[in-house]
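Comments concern the structure below.
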Amino acid sequence: IMGIIIPGSSFIAQPGLRLFSNILGWTYFSAWSLSFYPQLLLNHVRRDVEGLSVDFQVLNLMGFGCYSVYNCMMYWSSAIRSQYAALHDGHMPAVHMNDVVFSCHAFVVTLLVFIQCCMYGSLRSSLSMWIVGFCCVALLVSLTWAALLLWGQMDTPFLEYFDGLTWIYFLSYIKLLITLTKYVPQILLNYIRKSTIGWSAWNANLDLMGGLLSLGQAFLDCLSIHHW
């Protein structure tokens, strides 16, 4: 229903493909967005986060933070969009409104789950120093780079090679690395405990569904604009 009512992205010229892409996008948005709430409710009911990997939550929080900035800048920043178009033969970024809304919503809900981890568990004994170190370094580099962009106005030799678009891509690579590895701490915890009690299986089921639909939308967008 949301995909039919809410206008689709203008970069897809064909009305039929635009509608289908929009439906896929808002369906993945619904699946992925709902995937966060079973764990949030389970933690609240149990008043406990035993069985939930705090490392997984920290990586998720960092990843969705990067993803939110990436989508917002790609969707709204005229400077970033212009740099992207210049690099890709005039093509605009294939970022939809559902991408922006999902990533910001995911960051907020993941933050709430992390707050539950602080309230109901012990972060000192649960967090891996490797995870903390990685997130601190990634955050420091990202913020320093952003500060240089704002301060230097892209006139310094450094920013000639590391402009705003390169910074956005850097954030996307952090998100990609996190996406590839974030489930490992949870898998290991389930294996060590020989139990999944305390971890909502709906998280994985809806995440899988959302991921497949998101890939479907990305494939359809690339097909419709002939830009892979």
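Here the structure is a predicted model, which is why all the values come from computation and not from measurement. Note that these values count all heavy atoms, side chains included, but never hydrogens, waters or copies made by symmetry.
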Are the side chain of [X] and the backbone N or O of [Y] linked by a donor-acceptor pair below 3.5 Å?
X    : Y    : answer
D99  : N71  : no
S103 : V100 : yes
N43  : Q39  : yes
N190 : I187 : no
S214 : G210 : no
Q116 : L40  : yes

So ring-ring contact (aromatic ring centres under 6.0 Å, His included) across residues 172-203, not counting sequence neighbours, yields F56-Y183

Please name the pair of heavy atoms, one in [X] and one in [Y], separated by the smallest distance, quoted to 0.1 Å.
X    : Y    : answer
I80  : G164 : CD1-C, 3.4 Å
C135 : L59  : SG-CD2, 4.3 Å
M92  : A85  : CE-CB, 3.1 Å
V95  : Y75  : O-CD1, 3.3 Å
F134 : I178 : CE2-CG1, 3.8 Å

Look at the rings of H88 and Y169 and say which category their plane angle falls in: under 30° parallel, 30 to 60° tilted, over 60° perpendicular.
perpendicular

Where does the angle between the aromatic ring planes of F102 and Y28 fall among parallel (under 30°), tilted (30 to 60°) and perpendicular (over 60°)?
perpendicular

Which residue, F114, F107, Y70, F36, forms the ring-ring contact (aromatic ring centres under 6.0 Å, His included) with F64?
F36

Let's go through K175 and T179 carefully: what are the C-alpha distance in whole Å and the side-chain angles of both, what is the deciding distance for side chain to side chain contact (heavy atoms under 4.5 Å, CB included) to 0.1 Å, and is it a yes or a no?
CA-CA 6 Å; K175 167 60 177 168; T179 299; 3.4 Å; yes

When you compare the side chain of [Y] with that of [X], does any pair of heavy atoms fall below 4.5 Å?
X    : Y    : answer
L213 : Q217 : no
Q186 : D55  : no
L220 : R18  : no
L42  : P38  : no
F170 : S142 : yes

With a sphere of 6.0 Å drawn around [atom1] of [X], does it hold more than 12 non-hydrogen atoms of other residues, nucleotides or ligands?
X    : atom1 : answer
F219 : CZ    : no
L143 : CG    : yes
L87  : CG    : yes
H44  : NE2   : no
F20  : CZ    : no

Common cluster, [X]/[Y], ILVMFWY with side-chain heavy-atom separation under 4.5 Å:
X    : Y    : result
L112 : L127 : yes
M129 : V58  : yes
L140 : V69  : no
M62  : I115 : yes
L139 : W167 : yes

Can you measure from [atom1] ([X]) to [atom2] ([Y]) and round to the nearest 0.5 angstrom?
X    : Y    : atom1 : atom2 : answer
T166 : L149 : OG1   : CG    : 9.0 Å
I4   : M2   : CD1   : CE    : 12.0 Å
I1   : I23  : CD1   : CD1   : 10.5 Å
L165 : R81  : CG    : CZ    : 12.0 Å

Could you go through the side chain to side chain contact (heavy atoms under 4.5 Å, CB included) check for N60 and V113 one step at a time?
CA-CA 10 Å; N60 238 359; V113 176; over 6 Å; no

Taking the six-membered ring for Trp, are W26 and F29 closer than 6.0 Å centroid to centroid?
yes

Not counting sequence neighbours, which residues clear side-chain contact (heavy atoms from CB on, under 4.5 Å) with L180? List them please.
L176

Side chain to side chain contact (heavy atoms under 4.5 Å, CB included) evaluation trace for V101 with H96:
CA-CA 9 Å; V101 176; H96 300 263; over 6 Å; no

Test item: side-chain donor near acceptor, S35 and D207, under 3.5 Å:
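Side-chain D/A pair, S35 to D207: absent.
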
